[in-house]
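Structure, as structure tokens:
Computed from a predicted structure; not experimentally measured. Just so you know, these numbers use all the heavy atoms, side chains as well, and skip hydrogens, waters and symmetry mates.
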Amino acid sequence: MEIFLVILGILLMVLGILGSFLPVIPGPLTSWVGLLALHFTEGVQLSTTFLVVTLVIAVFIYVLDYIIPAIGTKRFGGSKEGMIGTTLGLVVGIITPIPLGIVIGPFVGALIGEMVHRNDINKAMKAAFGSFLGFIASTFLKFIVAIIYLGLFIAKLSEHNSSWF
């Protein structure tokens, strides 16, 4: 059971890092579940305080993930269509084999979304840029937290002090 929980934890950590970029997976929350899986192994001691603090951080980042892009979009005069375009552009950018698709996709998606909302290219470009900046900031924040949780996972796993079998 120990090895299963560790492997599950590692898979959740990797999925959490991927979730930093994929909008359908809550990255830091998934990474936190990986820490929780490690907690249930016999050889690793994670305190309740540690688990609660890391959960609160993961939930806070999850909420910010919805607020930051909206702030970026609104600050640059964007619309709901621009935010939807950003998300769709990200998905298309990830699944298409173009270089830097994960960066180009959200911007192009936001631009198309803004052009649907208003037919002014200058305002659409400005709003798309704001939506794109919000997306990049949010993604970066999720990625950093997921990487920190991976580091904590590795550090706690290295302290494993019981038999694996």
| note | Smallest heavy-atom separation, I61 atom then P28 atom, equals CG2-CG, 3.7 Å
| task | Could you tell me which non-hydrogen atom of I68 sits nearest to which non-hydrogen atom of G134, and how far apart they are? | result |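 For I68 and G134, the tightest heavy-atom pair comes out as CG2-O, 3.4 Å.
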Are [X] and [Y] joined in one hydrophobic group, where the rule is that I, L, V, M, F, W and Y side chains link up if heavy atoms are under 4.5 Å apart?
| X | Y | answer |
| --- | --- | --- |
| I3 | L11 | yes |
| L35 | I148 | yes |
| L36 | F50 | yes |
| I104 | V91 | no |
| L141 | I144 | yes |

Would a distance-only check, ignoring hydrogens and angles, find a side-chain to backbone donor-acceptor pair under 3.5 Å from [X] to [Y]?
| X | Y | result |
| --- | --- | --- |
| S20 | G27 | no |
| E159 | V44 | no |
| Y149 | T54 | yes |
| S138 | F135 | no |
| E42 | E2 | no |

As an exercise, state the distance from [atom1] of [X] to [atom2] of [Y], rounded to the nearest 0.5 Å.
| X | Y | atom1 | atom2 | answer |
| --- | --- | --- | --- | --- |
| L29 | L12 | CG | CG | 11.5 Å |
| I25 | L15 | CD1 | CG | 4.5 Å |
| L46 | F153 | CG | CZ | 9.5 Å |
| T139 | K142 | OG1 | NZ | 5.0 Å |
| H39 | T41 | NE2 | OG1 | 9.0 Å |
| F76 | L133 | CZ | CG | 5.5 Å |

| query | After noting the C-alpha distance and the side-chain angles of I112 and E81, does the key distance pass the side-chain contact (heavy atoms from CB on, under 4.5 Å) rule? | reply | CA-CA 9 Å; I112 291 170; E81 289 84 354; over 6 Å; no
| Remaining members of hydrophobic cluster (4.5 Å side-chain criterion), L88 | I84
| task | Check the pair L38 / L8 against side-chain contact (heavy atoms from CB on, under 4.5 Å), numbers first and verdict last. | result | CA-CA 8 Å; L38 186 64; L8 177 64; over 6 Å; no
| request: Run the numbers on I121 and L111 for side-chain contact (heavy atoms from CB on, under 4.5 Å), then give the verdict. | output: CA-CA 8 Å; I121 188 70; L111 181 61; 4.2 Å; yes
| request: State whether the number of non-hydrogen atoms from other residues, nucleotides or ligands found under 6.0 Å of F60 atom CZ is greater than 12. | output: no
| message | If you count heavy atoms of other groups shown closer than 6.0 angstrom to CZ of F129, is the number above 12? | response |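 No, the 6.0 Å shell around CZ holds no more than 12 heavy atoms from other groups.
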| Tell me the ring pair (Phe, Tyr, Trp, His ring centres under 6.0 Å) pairs involving residues 1-33, sequence neighbours left out? |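 Checked against ring pair (Phe, Tyr, Trp, His ring centres under 6.0 Å) - neighbours excluded - the pairs reaching residues 1-33 are F21-F143.
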| task | List the steps, then state whether side-chain contact (heavy atoms from CB on, under 4.5 Å) holds for F107 with M125. | result | CA-CA 9 Å; F107 179 79; M125 284 289 282; 4.1 Å; yes
